[in-house]
Amino acid sequence: MTGTDTHTGTTDPGTGGYAAARLRLLTEDARSGPPRRSALAGLTDDWLAGLFGAAAGPARGVSLVAVGGYGRGELSPRSDLDLVLLHDGSDPAAVAALADRIWYPVWDLGLALDHSVRTPAEARTTAAEDLKVQLGLLDARHLAGDTTLTAGLRTAVLTDWRNQAPRRLPELRELCAERAARQGELRYLLEPDLKEARGGLRDATALRAVAASWLADAPREGLADARRRLLDVRDALHLATGRATDRLALQEQDQVAAELGLLDADTLLRQVYEAARVIAYAGDVTWREVGRVLRARAVRPRLRAMLGGGRPAAERSPLAEGVVEQDGEVVLARAARPDRDPVLPLRAAAAAAQAGLPLSLHAARRMAATARPLPTPWPAEAREQLVTLLGSGRPTVEVWEALEAEGLIARLLPDWERVRCRPQRNAVHIWTVDRHLIETAVRASALTRRVGRPDLLLVAALLHDIGKGWPGDHSVAGEIIAKDVAARIGFDRADVAVLATLVRHHLLLIETATRRDLDDPATVRSVADAVGTQSTLELLHALTEADALATGPAAWSSWRGNLVADLVRRVSGVLAGAAPDEPEPAAPTAEQERLAIEAFRTGGPVLALRAQTEPVPGTQPPPGEPEPLGVELLIAVPDQPGVLPAVAGVLAVHRLTVRTAELRALRLPDDVDDDGTILLLDWRVAAEYGSLPQAARLRTDLVRALDGTLDIAGRLAERDAAYPRRRGWTAPPPRVTVAPAASRHATVIEVRAQDAPGLLHRIGTALEKAGVRVRSMHVSTLGANAVDAFYVTTGTGAPLPGEDAGSLARVLEETLRA
């Protein structure tokens, strides 16, 4: 068939045939995806080459070039044709006439056209001024005419791009960030823009440009498939709407899903989200590598001048056992053995989140490939590291995504697969189910000072919507899953029951407060019956707020917060009873009594350092007894001022983390001394990294600390100054309170704070300066949170007066904030 170019009066022999062939290709059910895009590009190539040949003949010094998506040979049904008519500048008038004979037939068919007419020099100049033009030219492909001209342009453009990469790549990164701020995250939007949103096709093109610079490259695994999926969805969208659109609107999702042979719109969105997650993660890793390379290039000339040539070794700062920081990333230590250390992935992730640093791609992939699975139930350290990761605030999100990208989350928590990338078709929700769960943990991390068991709050935040991947009421399904997950993680029966209750009733407070009559005693009683205890109510209150804040701005307000707080106050009144008194200490063991007698006879501290083994896999510790962490450190020392800060300071100096600690006064048997009192400290400690110090070294330093010859504060300050300030999440401020009516014999000071080296030393020093006596104490570290109770008295052994107790709490809180 022939067609007539009405604008030039010439005959084009191929336009009608092209239109018919194009229509057949787009309506064939048998061909879709990459084969159809490639076939459409090839068909269009032939047509345009025919137009060029008919108009220009065997012309020299001019060529037709495809750029952008068309240059890559990828044409969606309604894609623009991006074309450049390239010429040597010898005959501008003839080139203008040639352009008309090519552009007008394209317009006559109703095809969108992005066109330009330039010499190679003009093309390079425009590319230098306009980054989008340069990106398009990186995919330049010859269609017709002078091949030498096209090849010369391609070579020049690529050379320019590589030479200018240190300047242009930061510009490209800024362009991507601005677009993401405008369009949002593709993997969370209910009506996403497949091209412009973060994790979309534009970002995939940007990663190709980075690779072309030879400066850095994107993680390739899964990237091509993710890009193909988004292109397939865009093809179906074009065919379903008949328009050149990239926005996947709600009303078109069912039709697009049907076009792709998918079950429903939710399945479609989940595939889109999974593809976007892959591209977004690849972008994060790639831009981080670009930044590292550019920083190294900027520093290297100065270092060479200082060092006289050669390449300096990268600094490696230890963060945890088997984990170090290098070049602004968390990597594995050289001696790390993931194949022998199943806790290493969680330890590395927790260290990265605590430091506010990304987990390196190489480390994540090595652990995914070689780490052996955790036993069931998990060892105590694994559970602690998970809680630390969840409690690290905003940095948790990036680290969690790195683990998820390499399949480590699915390995740790198989139930996660059902909620991964699952859309929520509720306008109130701004996240997918999986991101909402992580966002809830982030919000809960800021509320850990309000609860006595921050570890249960953080794990409940992670699991509260886990049932949304199953049919039926997600709270009911989630309760069953939460029981299984909590037991697998290694919580005891009582904690498993609390977590199951929190998941089952995570909507109870908000729904009751906003939909029921709070003045009706039956309403309050029903909530009290469901919750059961004050501690569970405390956890549920914090979980309710974290859940609402993580849902979106429409889910929480001061009005809702006040209603929930009023309900909690009423339920608390129903649950209130006499607070339990301080428990009577257990009788000393034979070993404790032996150490106490030896301390009395020598007049100095006596230590015993004993490794604690994990329980046999498949067993649980006895009900009510926590699973041991680290090693047991027993210290007996004659009662004297400064014992608590001295012991805590020595442990901090030796980089020992205190997991649990108890201090109590032990009276000696009458046949030894009827007046003597020995302080007995029974602590669980763990090395931050490396091996434990010798007990003899600890005792030597403890003697020096007690007699004042060891400057603990100075040693700790010197060590802190040696490490650069990290850009980690800012922890919520410490909270110090006086527990009302908690003991008849002492005043109970409760401290909830972010665990840190030397924290217990600072608390002990502050109590010592206040002139109070620590009668006993109960310290626990739950993830990154310290939850401590100190039973203090006056010098005469009486509880502190009310005003003095309140003043002490305020002073201690101010000290910890400083």
Stepwise side-chain hydrogen bond (donor to acceptor under 3.5 Å, both in side chains) test for Thr432 and Gln424: CA-CA 6 Å; Thr432 51; Gln424 303 200 79; over 6 Å; no
In a table with atom names and distances, give each donor-acceptor pair under 3.5 Å that connects a side chain of residues 810-818 to protein atoms at least two apart or in another chain.
from   : atom 1 : to     : atom 2 : distance (Å)
Glu813 : OE1    : Val736 : N      : 2.8
Glu813 : OE2    : Arg817 : NH2    : 3.4
Thr815 : OG1    : Val811 : O      : 2.8

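- Residues Ile466 and Val419 meet the side-chain proximity criterion, which asks for heavy atoms closer than 4.5 Å.
- The main-chain N or O of Pro734 is never found under 3.5 Å from a side-chain atom of Gln754 such that the two would form a donor-acceptor pair.
- Residues His778 and Tyr791 bring their aromatic ring centres within 6.0 Å.
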Audit row: Val631, Arg684, side chain to side chain contact (heavy atoms under 4.5 Å, CB included) steps and yes/no: CA-CA 5 Å; Val631 300; Arg684 300 290 189 275; over 6 Å; no
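- Atom CG of residue Asp755 and atom OG of residue Ser780 lie 10.0 Å apart, to the nearest 0.5 angstrom.
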Verdict with reasoning, Arg659 to Glu384, per salt bridge (Lys or Arg N to Asp or Glu O under 4.0 Å): CA-CA 10 Å; Arg659 297 298 188 191; Glu384 280 285 304; 3.6 Å; yes
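- A cation-pi arrangement, defined by a distance under 6.0 Å to the six-membered ring centre and an angle within 45 degrees of its axis, is present between Arg435 and Trp431.
- The two atoms that bring Thr501 and Val531 nearest to each other are CG2-O, 4.3 Å, heavy atoms only.
- Under a 3.5 Å cut-off, the side chain of Arg443 and the backbone N or O of Ala546 do not form any donor-acceptor pair.
- Here CG of Leu389 is found 11.0 Å from OG of Ser445. Values are rounded to the nearest 0.5 Å.
- Between Leu502 atom CG and Leu543 atom CG the span is 6.0 Å, to the nearest 0.5 Å.
- With a 4.5 Å cut-off on side-chain heavy atoms, Leu800 and Thr793 do not count as touching.
- Checked by atom type and distance alone, the side chain of Asn562 pairs as donor or acceptor with a backbone atom of Ser558 at under 3.5 Å.
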Full working for salt bridge (Lys or Arg N to Asp or Glu O under 4.0 Å) between Asp473 and Lys468: CA-CA 8 Å; Asp473 185 333; Lys468 285 190 173 179; over 6 Å; no
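- Between atom CG of residue Leu549 and atom CH2 of residue Trp556 there is a gap of 7.0 Å, rounded to the nearest 0.5 Å.
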Working for side chain to side chain contact (heavy atoms under 4.5 Å, CB included), residues Thr660 and Trp683: CA-CA 6 Å; Thr660 65; Trp683 294 14; over 6 Å; no
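- Scored by the side chain to side chain contact (heavy atoms under 4.5 Å, CB included) test, Val571 finds Val524, Val527, Ala528, Leu537, Leu567, Leu575 as partners (sequence neighbours excluded).
- In summary, of the residues considered (Arg422, Glu401, Glu404), a side chain to side chain contact (heavy atoms under 4.5 Å, CB included) with Asp434 occurs for Glu404 alone.
- With hydrogens and angles ignored, the 3.5 Å screen pairs no side-chain donor or acceptor of Ser392 with any backbone N or O of Thr396.
- In this structure, the side chains of His474 and Leu507 come closer than 4.5 Å at one or more pairs of heavy atoms.
- Proximity of Leu499 to Phe491: side-chain heavy atoms (C-beta onward) are separated by under 4.5 Å at one or more points.
- Aromatic pair His505/His464: ring centres not closer than 6.0 Å.
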From CA spacing to verdict: salt bridge (Lys or Arg N to Asp or Glu O under 4.0 Å), Arg516, Asp520: CA-CA 8 Å; Arg516 296 290 184 269; Asp520 185 346; over 6 Å; no
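- What you find for Ala770 and Leu808 is that their closest heavy atoms are CB-CD1, 3.5 Å.
- Listed by chain and residue number, Leu447, Arg450, Val451, Leu457 satisfy the side chain to side chain contact (heavy atoms under 4.5 Å, CB included) test with Ala542 (two or more places apart in sequence, or in another chain).
- In this structure, the side chains of Leu413 and Leu462 come closer than 4.5 Å at one or more pairs of heavy atoms.
- Looking at Thr514, its side chain does come within 3.5 Å of a backbone N or O of Ile510 through a donor-acceptor pair.
- In this structure, Glu662 does not pair ionically with Arg664, as no charged nitrogen and carboxylate oxygen lie closer than 4.0 Å.
- For the atom pair CD1 (Ile678) and CG (Leu681), the distance works out to 11.0 Å, reported to the nearest 0.5 Å.
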Criterion salt bridge (Lys or Arg N to Asp or Glu O under 4.0 Å) on Arg383 and Glu381, from CA distance to verdict: CA-CA 5 Å; Arg383 188 172 64 254; Glu381 188 201 353; over 6 Å; no
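- For residues 757-772, no residue pair satisfies the side-chain hydrogen bond (donor to acceptor under 3.5 Å, both in side chains) rule, not counting sequence neighbours.
- In summary, the side chains of Thr388 and Gln354 do not present any donor paired with an acceptor at a separation below 3.5 Å, with no hydrogens or angles considered.
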Working for side chain to side chain contact (heavy atoms under 4.5 Å, CB included), residues Thr677 and Leu666: CA-CA 6 Å; Thr677 301; Leu666 180 66; over 6 Å; no
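- Counting heavy atoms from C-beta on, the side chains of Leu458 and Leu782 never come closer than 4.5 Å.
- Applying the side chain to side chain contact (heavy atoms under 4.5 Å, CB included) test to Ala382 and every residue at least two apart in sequence or in another chain returns Val343, Leu346, Leu374, Trp378, Pro379.
- Checking side-chain atoms of Arg187 against main-chain N and O of Tyr273 turns up no donor-acceptor pair under 3.5 Å.
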Side chain to side chain contact (heavy atoms under 4.5 Å, CB included) between Ile481 and Leu463, worked out: CA-CA 8 Å; Ile481 300 169; Leu463 299 178; 5.9 Å; no
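- The existence of a salt bridge linking Arg270 and Asp266 is excluded, since no basic side-chain nitrogen approaches an acidic carboxylate oxygen closer than 4.0 Å.
- For the pair Leu437/Trp416, a side-chain contact is recorded, criterion being any heavy-atom separation below 4.5 Å from C-beta on.
- For Arg773, the side chain to side chain donor-acceptor pair (under 3.5 Å) partners two or more places apart in sequence, or in a different chain, are Asp639.
- Enclosure of atom CD in Glu803 is not indicated, since only 12 or fewer non-hydrogen atoms of other residues, nucleotides or ligands lie within 6.0 angstrom.
- Once rounded to the nearest 0.5 Å, the distance linking CG of Asp682 with CG of Leu634 reads 4.5 Å.
- Contact of the Arg570 side chain with the Leu518 side chain is registered, since non-hydrogen atoms from C-beta on lie closer than 4.5 Å.
- A donor-acceptor pair under 3.5 Å is absent between the side-chain atoms of Thr512 and the main chain of Leu509, judged by distance alone.
- Taking all atoms of both residues into account, the shortest heavy-atom contact from Thr544 to His506 is OG1-O, 4.0 Å.
- The number of heavy-atom neighbours closer than 6.0 Å to NZ of Lys483, taken from other residues, nucleotides and ligands shown, is 12 or below.
- Defined by atom type and a distance below 3.5 Å, a donor-acceptor pair is missing between the side-chain atoms of Asp517 and Thr523.
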